[in-house]
Amino acid sequence: MKIPFLDLKQVNAPYMDALKDAASAVVESGWYIRGSYSEKFEKEFAAYSGYAYGVGVGNGLDALSLMLRAEIELGRLAPGDEILVPANTYIATVLAVNAAGLVPVLVEPDERTFNIDPTKLADACTEKTRGILAVHLYGRLADMPAIWNFAKDRGLLVFEDAAQSHGARFDRPHLSSLVSRLSSNAVAYSFYPTKNLGALGDAGMVVTDDAELARVVRMLGNYGSEQKYVNRYRGVNSRLDEIQAAFLLAKLPHLDSWNARRREIAARYCSEVKNPVVRLPEIPADPREHVWHVFTVRVPDRATRDALQKHLESRGIGTLVFYPIPPHLQEAYAEAAEGTLLPVNPDFPIAESMAETVISIPVSQVLTDDQVSEIIGALNEFVC
Ligand SMILES: *Cc1c(COP(=O)(O)O)cnc(C)c1O
């Protein structure tokens, strides 16, 4: 049995007719960028995410950087302000903060959730700290109530990188008395093809309840203009294609059922994998807070991970490591020691240890029960 980590052709195959119809409709419409499909998808996806406004952009990285740049244009952030970011995130989160002219300050993750550790926020704050950019890594929501509360007390802005968490939801009614509002200033999504809701190319979106912020993000993605040839900001070109919006509109109605299937597979792994070498992730008390973008386990050390990856490969099972090198150890940030791009920081032992010991196994909705059983068997038979 051959079980690839993720087979995108198989992911899209059940919707082939709808996708081809969507493509034909756009080709025949004669309108290809920011039109009626984009507008409809922005409305539907913003509502699905629990926000009032959606602005389609070119990709997830641009969604992140443009929502931050828009806050600068609106005078709520200033170049050089510090934004707290988890140290174990995908490098895009950190790059986006730099791209907006802000300074990312890395904060260690919580070993239990893989997400930014709210108890470590206070120590990372300086007089320049103005915001927190939480990441819902692997599809599990970060502890937003704790983050919102912390931010409210200190007057910080809150942003979310939701590139891995389409459809994950908080449902904690008792919290509304604790936090002023159960929402962030803005949330950035990616629809890269491998995400839980993926386009057939690049696409991204910023969602927010702030009409003014949405308007500025839209301008920034269109050369800083909302009126042809009148440029208010030095913007960029980052707009949602009609064909990607049409594909995403066709796929969105199925997202909840895919996430439900991912939860089912994750629950099987958590109850049936019984190998002491393989440390399983925890299912949150409310399972809806996790959409299992990837299913990530931990092993004691790097050598064991290499051995496990080889073992699974020999059984035809594909795995990936998210992520083998944390941003602060990347060559891209080699000059960070000078403190210009990343402040001079101590090391991040938790993020570094995760990079050495995490490994993700297949969890996509297209897996059959037999394939899941095969993966469980292979994990249980692993000895190092
Ligand atoms: C995929 C991803 C991004 C970037 O999205 P692109 O659409 O590839 O630019 C940013 N952050 C996280 C956590 C991601 O997983």
Side-chain angles (χ1 to χ4, degrees), residues 22-47 49 51-81 83 92-93 95-102 130-131 133 157 159 161-163 184-193 199-250 252:
S24 303
V26 172
V27 172
E28 282 167 25
S29 77
W31 192 278
Y32 304 118
I33 295 172
R34 280 194 177 172
S36 58
Y37 289 93
S38 303
E39 204 177 305
K40 186 156 192 274
F41 180 60
E42 285 170 344
K43 285 212 171 80
E44 286 192 15
F45 191 74
S49 312
Y51 283 84
Y53 306 98
V55 182
V57 295
N59 54 65
L61 175 67
D62 288 351
L64 288 161
S65 66
L66 295 182
M67 79 182 170
L68 296 170
R69 266 201 67 188
E71 296 283 15
I72 295 176
E73 300 295 0
L74 288 167
R76 301 170 190 157
L77 291 175
D81 283 351
I83 306 292
T93 322
L95 291 173
V97 176
N98 281 141
L102 302 162
R130 293 288 177 274
L133 173 48
L157 303 180
F159 305 96
D161 178 343
S184 294
N185 295 80
V187 181
Y189 282 93
S190 162
F191 306 105
Y192 185 74
L200 278 66
D202 276 314
M205 195 184 292
V206 175
V207 299
T208 179
D209 284 332
D210 181 337
E212 205 46 33
L213 186 71
R215 184 172 165 218
V216 177
V217 171
R218 191 177 299 285
M219 281 194 258
L220 286 174
N222 188 38
Y223 298 108
S225 165
E226 62 185 350
Q227 188 191 334
K228 218 169 174 53
Y229 309 128
V230 178
N231 298 77
R232 176 139 172 214
Y233 306 113
R234 286 186 301 279
V236 298
N237 174 353
S238 186
R239 303 173 292 215
L240 182 59
D241 286 342
E242 286 287 273
I243 200 160
Q244 298 306 337
F247 289 146
L248 289 162
L249 275 168
L252 178 59

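It should be emphasised that the depicted structure is a prediction, and the values quoted were computed from it without experimental measurement.
- Between the CD1 atom in Ile243 and the OG atom in Ser24 there is a gap of 8.5 Å [rounded to 0.5 Å].
- Residues that satisfy the side chain to side chain contact (heavy atoms under 4.5 Å, CB included) test with Ala214, not counting sequence neighbours, are Tyr53, Val55, Thr208.
- Of all non-hydrogen atoms in Leu240 and Ala245, the two that sit nearest each other are CD2-CB, 4.0 Å.
- The CD1 atom of Ile83 sits 12.5 Å away from the OG1 atom of Thr93 when rounded to the nearest 0.5 Å.
- In this structure, the separation between CG on Leu61 and CG on Leu66 is 8.5 Å, given to the nearest 0.5 Å.
- At distances below 3.5 Å, at least one donor-acceptor pair connects side-chain atoms of Tyr32 with backbone N or O atoms of Val27.
- A donor-acceptor pair is defined here as one N or O able to donate and one able to accept, closer than 3.5 Å; such a pair exists between the side chain of Asp161 and the backbone of Ala163.
- The side-chain heavy atoms of Ser49 and Val187, taken from C-beta on, include no pair separated by under 4.5 Å.
- With sequence neighbours excluded, the residues forming a salt bridge (Lys or Arg N to Asp or Glu O under 4.0 Å) with Arg76 are Glu71, Asp210, listed by chain and number.
- Partner of Arg218 under the salt bridge (charged side-chain N to carboxylate O under 4.0 Å, His left out) criterion, chosen from Glu73, Glu226, Glu42: Glu42.
- Leu200 places a side-chain heavy atom less than 4.5 Å from the side chain of Gln244.
- Distance check: Glu242 CD to Arg34 CZ gives 11.0 Å after rounding to the nearest 0.5 Å.
- By the 4.5 Å heavy-atom criterion applied to side chains, Leu157 and Arg130 are not counted as neighbours.
- For the atom pair Leu248 CG and Phe191 CZ, the distance stands at 6.0 Å (nearest 0.5 Å).
- The two atoms that bring Ala99 and Ser65 nearest to each other are CB-CB, 4.1 Å, heavy atoms only.
- Between the Asn98 side chain and the Leu95 main chain, no donor and acceptor come within less than 3.5 Å of each other.
- A distance-only check finds no donor-acceptor pair linking the side chain of Ser190 to the backbone of Asn59 [under 3.5 Å].
- With hydrogens and angles ignored, the 3.5 Å screen pairs a side-chain donor or acceptor of Asp209 with a backbone N or O of Ala52.
- Residue Tyr189 is tested with Phe159, Phe41, Phe45 for a ring pair (Phe, Tyr, Trp, His ring centres under 6.0 Å); the sole match is Phe45.
- Side-chain contact between Asn237 and Tyr223 is present, with at least one heavy-atom pair separated by less than 4.5 Å.
- With hydrogens and angles disregarded, no donor-acceptor distance shorter than 3.5 Å links the side chain of Tyr37 to the backbone of Phe247.
- In this structure, Ser184 contributes its side chain and Ala186 its backbone to no donor-acceptor pair below 3.5 Å.
- Side chain of Ser238 to backbone of Val57: no donor-acceptor contact under 3.5 angstrom is found.
- The distance from atom CG of Leu102 to atom CG of Leu68, rounded to the nearest 0.5 Å, is 6.0 Å.
- Ser29 places a side-chain N or O within 3.5 Å of a backbone atom of Trp31 that can act as its donor or acceptor partner.
- With Arg69 as reference, Val236 is the one residue of Val236, Val216, Val217, Leu77 to meet the side-chain contact (heavy atoms from CB on, under 4.5 Å) rule.
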